[in-house]
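Encoded as structure tokens, the structure appears first; notes follow it.
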Amino acid sequence: MPAQILDGKMIAQQMRAKLRPARDALGPRAIRLVSVEVGQNPASAVYVRNQQRAAAEVGIAMEVRNLPVSTTEADLVANLQELNHRPEVAGILVQRPLPPGIDPRIVQSAIDPQKDVEGMHPANMGAILYREPLLPPCTAAAAQHLILATGIDLRGAETVVVGHSEIVGKPIAVLLLHRLSTVTVCHIGTKQLNDHTRRADILVVAVGKAGLVHGDMIKPGACVIDVGINQGADGKIVGDVDFASVAAVAGYLTPVPGGVGPVTVAMLLRNTLRAAGAHV
Ligand code: NAD
């Protein structure tokens, strides 16, 4: 039987509907999320517009600050420090990629951890080892949310995460470890990727290589979460998973686009409301 497609757009819509009353409970004060971008990136312009639309639906005012491409790391840090001190700013988000010469770790560390709605400040990243933090990294939280939406019991499940980046693969692995699944992390140094993916009840792929995972690498009935975003030769956006062959074997599969992406944006909004004091 073909996989059940996990509709991220619908799940994100349901999340936003739950966030709205939590936002309203904060009263009439403005809840501001500031997005900072250095230079102009056409791909991120689309992404930012989607974020703004979703934020408006929840009642969050998203301000976009475009800094010139000549901005130095020190200028960017000064901008972030100014935002840290503005009381009406609940959350700060820095759009990636940053131009060469700006270290994303320095930038992320300059944001007040209580306004770090992407959950990437070292304090929030470190806290994830103790438990799921108040402001978890958005993509990792989105992947977990999609898995939980299937109703699969994570305790004891064989979970394989392909990709071990700081912002995606590692935090996903840790969140799923907290749920007592048995987690294997694969990466560029893994010798036989197939050997690992074929025994996964839950497979999360976060690499950035179109077509890396095919149907013959999947355990029948597995839950497959495709985090990858790649632009095909025809300009279309595809994930890391070969959709048709994997859908024929898996039990659940996220599409790209329309899977992890919209839920990641909903997590960003949830984190912003949490940073503003909401209990969501
Ligand atoms: P990254 O480049 O920082 O990390 C890539 C990871 O893949 C590394 O751990 C590397 O070891 C591993 N890898 C590379 N080649 C491999 C191979 N052949 N076999 C196994 N592992 C291999 O990337 P990232 O920032 O973690 O992003 C990963 C993907 O997720 C990208 O496509 C990115 O665009 C996407 N992404 C999506 C969202 C979302 O909201 N949907 C958010 C962030 C990133």
Side-chain angles (χ1 to χ4, degrees), residues 1-12 14-15 18 119-120 124-187 190 193-207 212-213 215 217-228 239-241 246-247 249-256 258-268 270-271 274 280:
M1 207 172 79
Q4 189 177 320
I5 304 305
L6 293 170
D7 183 346
K9 279 191 192 166
M10 191 192 72
I11 291 172
Q14 289 166 347
M15 278 188 70
K18 285 192 187 148
M120 289 186 202
N124 289 319
M125 281 284 184
I128 209 170
L129 289 181
Y130 289 119
R131 72 188 86 81
E132 187 168 334
L134 186 68
L135 304 178
C138 300
T139 307
Q144 173 176 254
H145 189 80
L146 284 157
I147 296 166
L148 294 174
T150 66
I152 292 172
D153 187 4
L154 273 157
R155 191 186 175 101
E158 287 292 334
T159 298
V160 174
V161 179
V162 188
H164 79 314
S165 71
E166 287 161 19
I167 60 168
V168 190
K170 281 182 196 146
I172 290 175
V174 175
L175 287 182
L176 300 178
L177 187 59
H178 285 319
R179 303 242 171 207
L180 295 184
S181 74
T182 302
V183 182
T184 303
V185 181
C186 299
H187 40 69
T190 299
L193 189 59
N194 289 350
D195 288 350
H196 300 282
T197 59
R198 280 191 192 130
R199 56 176 184 72
D201 302 311
I202 296 162
L203 176 64
V204 183
V205 190
V207 171
L212 179 73
V213 172
M217 298 166 72
I218 302 296
K219 178 176 175 179
C223 171
V224 181
I225 307 293
D226 189 356
V227 181
D240 291 343
V241 163
V246 172
V249 186
Y252 298 93
L253 175 61
T254 57
V256 179
V260 176
V263 183
T264 298
V265 176
M267 288 297 171
L268 175 74
R270 189 186 72 173
N271 279 355
R274 285 181 174 182
V280 274

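- Taking CD of Q14 as the reference point, atom NZ of K9 lies at 14.5 Å (rounded to 0.5 Å).
- A distance-only check finds no donor-acceptor pair linking the side chain of T190 to the backbone of L193 [under 3.5 Å].
- Atom CD of E158 and atom CG of D201 lie 6.5 Å apart (nearest 0.5 Å).
- Side chains of R179 and T159: no donor on one and acceptor on the other come within 3.5 Å.
- In this structure, R199 places its CZ atom where more than 12 heavy-atom neighbours from other residues, nucleotides or ligands lie under 6.0 Å away.
- Of the possible donor and acceptor atoms, none in the side chain of N194 sits under 3.5 Å from a partner among the backbone N and O of M217.
- Interatomic distance, L203 CG to Y252 OH, rounded to the nearest 0.5 Å: 15.5 Å.
- T150 places a side-chain N or O within donor-acceptor distance of the main-chain N or O of I152, the cut-off being under 3.5 Å.
- Using modelled atom types, one side-chain atom of N271 and one backbone atom of P136 make a donor-acceptor pair closer than 3.5 Å.
- With rounding to the nearest 0.5 angstrom, the OG1 atom of T197 is 11.5 Å from the NZ atom of K219.
- Screening N124, V161, I128 for a side chain to side chain contact (heavy atoms under 4.5 Å, CB included) involving P171 leaves a single residue, I128.
- Note that CG of L146 is 6.5 Å distant from OG1 of T254, once rounded to the nearest 0.5 Å.
- Partner of H178 under the side chain to side chain contact (heavy atoms under 4.5 Å, CB included) criterion, out of L176, V174, L180: V174 alone.
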